[in-house]
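Notes follow the structure.
What you are looking at is a predicted structure, and each value in this text was computed from that prediction instead of being measured.
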Amino acid sequence: MANVCYNEFLISCEDLKVINKIETKLTELFSSIDIDIWYCEDGFIEGSFESRWSFPMNLFIDFFDEFKDDTIYMRCLSTEWSCNYVAMNVYTDSKWKPEQTFDF
């Protein structure tokens, strides 16, 4: 895959049942590509996945809607070095904050 964007994420939630459902949904969403979950315990999921060019916001816009839990938090650091793309995306309080990028 050309122009691979590496995405390292952390997701947390106070409800352990919800975090387990999120892990299942992530695995299903990224079944066609490799998702690597490093840690999933105590209300946290940490891992990484690859995408093309940038963070796949379109895939995540409605991702958390079905859980109806305002304690869900996600942050994802995305890097695609050949295009000088470095970005942080954060989901908190049931909404996505504007993407923060680094200009160089």
Side-chain angles (χ1 to χ4, degrees):
M1 181 184 342
N3 295 93
V4 176
C5 180
Y6 299 97
N7 303 277
E8 295 184 14
F9 66 89
L10 176 137
I11 301 172
S12 67
C13 182
E14 292 177 8
D15 187 333
L16 297 180
K17 291 179 185 175
V18 170
I19 204 76
N20 290 333
K21 290 177 184 176
I22 290 171
E23 179 188 16
T24 300
K25 186 172 179 178
L26 274 174
T27 304
E28 290 169 1
L29 181 66
F30 291 104
S31 64
S32 62
I33 60 172
D34 192 24
I35 185 168
D36 187 15
I37 297 194
W38 309 323
Y39 180 81
C40 182
E41 196 172 320
D42 301 327
F44 291 91
I45 301 171
E46 289 184 84
S48 66
F49 62 90
E50 296 175 354
S51 59
R52 295 198 70 181
W53 304 102
S54 61
F55 176 73
M57 181 57 82
N58 289 340
L59 288 176
F60 280 95
I61 286 176
D62 299 322
F63 185 85
F64 298 113
D65 287 350
E66 72 183 71
F67 302 111
K68 308 281 190 255
D69 188 320
D70 61 358
T71 67
I72 296 171
Y73 170 81
M74 177 182 183
R75 69 174 178 248
C76 186
L77 175 65
S78 304
T79 56
E80 203 287 88
W81 297 112
S82 65
C83 292
N84 293 334
Y85 173 78
V86 178
M88 177 67 78
N89 286 281
V90 175
Y91 180 86
T92 187
D93 299 324
S94 300
K95 63 181 179 278
W96 286 99
K97 294 194 173 285
E99 181 177 69
Q100 300 294 307
T101 58
F102 177 75
D103 294 322
F104 48 118

Report task. With side-chain contact (heavy atoms from CB on, under 4.5 Å) as the test, would you mind laying out the steps for Phe49 and Leu26 before giving the verdict? Result -> CA-CA 10 Å; Phe49 62 90; Leu26 274 174; 5.7 Å; no
Query raised in the report: Restricting to pairs with a member in residues 13-22, which pass salt bridge (Lys or Arg N to Asp or Glu O under 4.0 Å), not counting sequence neighbours?
Result: none
Requested in this report: Identify, with sequence neighbours excluded, every residue that meets side chain to side chain donor-acceptor pair (under 3.5 Å) alongside Tyr85.
Outcome: Glu99
Query raised in the report: Do Glu50 and Tyr6 have side-chain heavy atoms sitting under 4.5 Å apart?
Result: yes
Would you give me the side-chain donor-acceptor pairs under 3.5 Å for residues 54-68, sequence neighbours excluded?
| unit_1 | atom_1 | unit_2 | atom_2 | d |
| --- | --- | --- | --- | --- |
| Glu66 | OE1 | Lys25 | NZ | 2.6 |
| Lys68 | NZ | Asp65 | O | 3.0 |

Report task. Provide the closest heavy-atom pair for Ile11 versus Ile19 in the form atom of the first, atom of the second, distance. Result -> O-CD1, 3.8 Å
Requested in this report: Just do the side-chain contact (heavy atoms from CB on, under 4.5 Å) check on Trp96 and Met74 with the steps written out, would you?
Outcome: CA-CA 9 Å; Trp96 286 99; Met74 177 182 183; 3.8 Å; yes
Report task. Flag the pair Cys83 / Trp53 as yes when at least one side-chain heavy-atom distance between them is below 4.5 Å, and no otherwise. Result -> yes
Report summary line: One should read off an interatomic distance between Thr79 OG1 and Glu8 CD, to the nearest 0.5 angstrom, of 7.0 Å
Query raised in the report: How many angstroms lie between atom OG of Ser48 and atom CG of Leu77, to the nearest 0.5 angstrom?
Result: 11.5 Å
Requested in this report: Could you walk me through whether Ile45 and Phe9 pass side-chain contact (heavy atoms from CB on, under 4.5 Å), step by step?
Outcome: CA-CA 8 Å; Ile45 301 171; Phe9 66 89; 3.7 Å; yes
Query - Test side chain to side chain donor-acceptor pair (under 3.5 Å) applied to Thr71 - qualifying residues, sequence neighbours left out - result: Asp69
Query raised in the report: What pairs with Ser82 under side chain to side chain donor-acceptor pair (under 3.5 Å), at least two apart in sequence or on another chain?
Result: Asn3, Glu80
Query raised in the report: Taking the side chain from Asn89 and the backbone from Ala87, do they hold a donor-acceptor pair closer than 3.5 Å?
Result: no
Query - Distance in Å, Lys95 NZ paired with Asp70 CG, rounded so as to fall on 0.5 Å steps - result: 10.5 Å
Report task. Verify side-chain contact (heavy atoms from CB on, under 4.5 Å) between Val86 and Trp81, making sure each step is shown before the conclusion. Result -> CA-CA 8 Å; Val86 178; Trp81 297 112; 3.5 Å; yes
**Report entry** Side chain to side chain, Tyr73 and Val90, heavy atoms closer than 4.5 Å
**Finding:** yes
